[in-house]
Amino acid sequence: MLQVPFIRENKELVIERLAKRNIDAEQSINDVITLDEDRRNLQATLDNLKAESNSISKEIGNLFKAGKAQEANALKEKTTQLKEDTKQLEQELNDKADALNALLYQLPNVPHQSVPKGNTDEDNEEVYREGDIPKLIDGALPHWELAKKYDIIDFELGNKITGAGFPVYKGKGARLQRALIAYFLDKNTEAGYTEFQLPHLVNEASGFGTGQLPDKEGQMYHVTGDNLYLIPTAEVPGTNLFRDTLLNESDLPIGITGYTPCFRREAGSYGAHVRGLNRLHQFDKVEILRVEHPERSYTALDEMVEHVKTILKELKLPYRILRLCGGDLGFTSALTYDFEVFSTAQDRWLEISSVSNFETFQANRLKLRFKNSEGKNELAHTLNGSSLALPRVLAGILENYQTEDGIKIPDVLVPYTGFDKI
RNA sequence: GGAGAAAUGGCAGAGUGGUCGAAUGCGGCAGUCUUGAAAACUGUUGAGGGUCACACCUCCGGGGGUUCGAAUCCCUCUUUCUCCGCCA
């Protein structure tokens with residue numbers, strides 16, 4: 001959620017930057033400013049009314065104590081009108097605040113100046129590319145065929161137990177999956193992130209804190225019996241660790257990592273591009289999260305990008321990095337870099353990581369602040385990224401490492417798998 | 001799941017209708033003393049809004065209510081603890 005004082009002081013900039021998302025926000029921004037002004041005026045009036053009734057109440061108390069019941073009762077009558085006015089003003093104030101908040105919830109984060117204007121993923125800007133695209137063997141197969149051939153992932157079995165998008169990993173497939181999780185976690189802790197194990201179900205307040213709620217509940221599975229949501233990413237429980245938190249400046253930066261399964265309804269996204277592991281309802285992901293001082297959050301973003309690069313380099317997978325354009329940028333993000341691995345057998349790029357700086361957008365909802373050097377409370381910046389999302393990495397490995405006599409395991413993973421070939 | 005108890009400032013812990021944003025202790029910060037430190041003593045020390053600064057408003061787990069007035073009474077939700085049941 002954007003900060004009203006920021007909007008007030010940077011009106012033109014906000015409108016201009018939101019235009020990168022192809023949003024004409026002028027009307028909304030003007031409304032925000034007006035509603036906020038009204039709200040503050042109402043608040044001031046209400047405060048005065050309250051001050052008056054507070055002092056009358058005090059007086060009544062004193063009169064009773066002095067044994068002047070008659071005078072006290074006379075004063076009581078005076079408060080009747082006050083109470084009515086207060087009630088009415090409170091109602092008006094609530095209405096204003098609700099209207100203001102409803103507007104604010106609809107406004108996405110202000111994109112960073114480097115974000116290119118654009119509509120779709122075709123307008124994303126490639127900023128880096130590394131790794132040679134391997135020459136495939138004759139008769140190279142896409143990963144869903146390989147999964148069947150080597151009997152390591154069973155999609156039909158998942159269909160039976162749950163439904164489409166819930167694959168069952170078997171044998172070396174399961175072991176490779178576990179190896180990847182352990183490898184990613186080790187790389188992240190080596191880089192200074194603290195490992196966490198987080199809940200896989202979250203309450204409404206958490207969904208709200210990271211921006212899934214309100215409005216985007218369609219992407220999450222809802223457990224109605226207990227009014228909880230299955231997490232779509234570790235970002236939700238991970239970032240909400242810091243909800244309603246006041247940190248010391250010396251606590252920053254904070255870096256955590258965690259493995260969780262992720263559950264996404266992906267309503268309406270069916271078609272040719274969702275075969276195999278490309279898009280699932282349940283998948284595994286290792287996430288990195290940071291809480292940063294506003295002055296160095298973009299340095300931190302660069303560090304996270306570099307970190308993910310080293311992992312992909314070690315895995316020897318061909319990848320590229322995109323700076324997302326305004327139209328493709330997530331609602332809560334100011335700047336996002338997507339990592340994509342090249343899937344040779346499918347001849348397309350697969351998104352395997354998304355690294356974002358949310359600046360104060362989440363922190364404002366979370367009330368995540370730190371006490372700055374002037375002793376004032378200031379919103380911190382939050383960032384997160386995948387390192388990495390498992391299924392598409394797995395797809396990339398299966399397809400790019402296939403040989404005539406099996407699938408080779410990347411060298412760095414062998415200590416984790418215990419075998420070097422499937 | 002059943003029965004009972006509880007939730008107060010960084011922590012511990014008083015407070016059962018008015019002068020309580022809240023005693024006291026610990027902790028923190030500043031000072032005195034000391035070569036320095038400790039101890040002792042003195043002072044200070046919650047958060048949010050608002051203001052140039054004051055004033056003022058709000059906050060005693062969340063929400064609602066009673067009352068001129070609520071930390072205190074009532075309803076409700078959540079969480080924690082104890083006992084019983086069940087259980088990886």
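Every chain is numbered from 1 and lettered A, B, ... according to where its sequence line falls, protein lines coming before strand lines.
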### Query
Whole-Å distance between B/rC56 P and A/Asn41 CG?
21 Å

### Message
Can you tell me which nucleotide in B/rG50, B/rC68, B/rU58 comes closest to the side chain of A/Lys50?
### Response
B/rU58

### Message
Would you say A/Glu359 and A/Asn109 are linked by a side-chain donor-acceptor pair, where the criterion is simply a distance under 3.5 Å?
### Response
no

### Query
Can you tell me how far C1' in B/rA23 sits from the matching atom in B/rU45, rounded to whole Å?
16 Å

### Message
Within the 3.5 Å criterion, strictly below it, is a donor on A/Thr210 or A/Gln362 matched to an acceptor on the partner's side chain?
### Response
no

### Task
Sticking with atom P, work out how far B/rA71 lies from B/rC20, rounded to a whole angstrom.
12 Å

### Task
Tell me yes or no: between the side chains of A/Ser114 and A/His112, is some donor less than 3.5 Å from an acceptor?
yes

### Message
Distance check needed: B/rA47 P versus A/Leu368 CG, whole Å only.
### Response
17 Å

### Task
Could you walk me through whether A/Lys11 and A/Glu26 pass salt bridge (Lys or Arg N to Asp or Glu O under 4.0 Å), step by step?
CA-CA 9 Å; A/Lys11 186 180 149 185; A/Glu26 189 165 357; 5.7 Å; no

### Query
How would you label the contact of A/Leu75 with the nucleic acid (heavy atoms, under 4.0 Å): base, sugar-phosphate, or nothing?
nothing

### Message
Under 3.5 Å for both donor-acceptor distances, Watson-Crick or wobble: does B/rC83 have a partner, and if so which one?
### Response
B/rG2

### Query
Could you state the NZ-C1' distance from A/Lys96 to B/rG49, rounded to the nearest angstrom?
19 Å

### Query
Which whole number of Å gives the distance between the P atom of B/rG62 and that of B/rU79?
15 Å

### Message
Just to be sure I understand the rule, does A/Lys83 reach a base, reach only the sugar-phosphate, or reach nothing, if contact means heavy atoms closer than 4.0 Å?
### Response
sugar-phosphate

### Message
Can you check the distance between B/rU72 and B/rC87, where both ends of the measurement are the P atom (answer in whole Å)?
### Response
42 Å

#### Entry: Atom pair distance, as rounded to whole Å: CG in A/Asp226 and P in B/rU78
10 Å

### Message
So A/Arg39, base contact, sugar-phosphate only, or nothing? Heavy-atom distance under 4.0 Å.
### Response
nothing

### Query
What integer distance in Å separates A/Leu49:CG from B/rU58:C1'?
15 Å

#### Entry: Separation between the P atoms of B/rG2 and B/rG85, rounded to whole Å
16 Å

### Message
Can you check the distance between B/rA37 and B/rU24, where both ends of the measurement are the C1' atom (answer in whole Å)?
### Response
29 Å

### Query
A/Lys76 or A/Gly61: which one's nearest nucleotide on RNA chain B is closer to the 5' end?
A/Gly61

### Summary
A/Asn203 CG to B/rC77 P, in whole Å, measures 18 Å

### Task
Scan A/Asn54 against the nucleic acid and name what it touches under 4.0 Å (heavy atoms): base, sugar-phosphate only, or nothing.
sugar-phosphate

### Query
For B/rC29, what is the paired nucleotide under Watson-Crick or G-U wobble rules, both distances under 3.5 Å?
B/rG43

### Message
Using the C1' atom as the point on both nucleotides, what is the distance between B/rG15 and B/rA70, in whole Å?
### Response
13 Å

### Query
Can the ring centres of A/Tyr298 and A/His381 be said to be less than 6.0 Å apart?
no

### Message
Rounding to an integer number of Å, can you tell me how far A/Glu204 CD sits from B/rC77 C1'?
### Response
13 Å

### Query
Is any side-chain nitrogen or oxygen of A/Lys371 closer than 4.0 Å to OP1 or OP2 of B/rA47?
yes

### Message
Considering every strand and a 4.0 Å limit on heavy-atom distances, what is the contact class for A/Lys367: base, sugar-phosphate, or nothing?
### Response
nothing

#### Entry: Of A/Leu246 and A/Phe64, the one whose closest RNA chain B nucleotide lies more 5'
A/Phe64

### Message
Whole angstroms only, please: what is the CG-P distance between A/Asp244 and B/rG10?
### Response
13 Å

### Query
If you measure from the C1' atom in B/rC33 to the same atom in B/rU8, how many Å do you get, rounded?
37 Å

### Query
Do A/Asn22 and A/Lys117 get their side chains close enough for a donor-acceptor pair, meaning under 3.5 Å?
yes

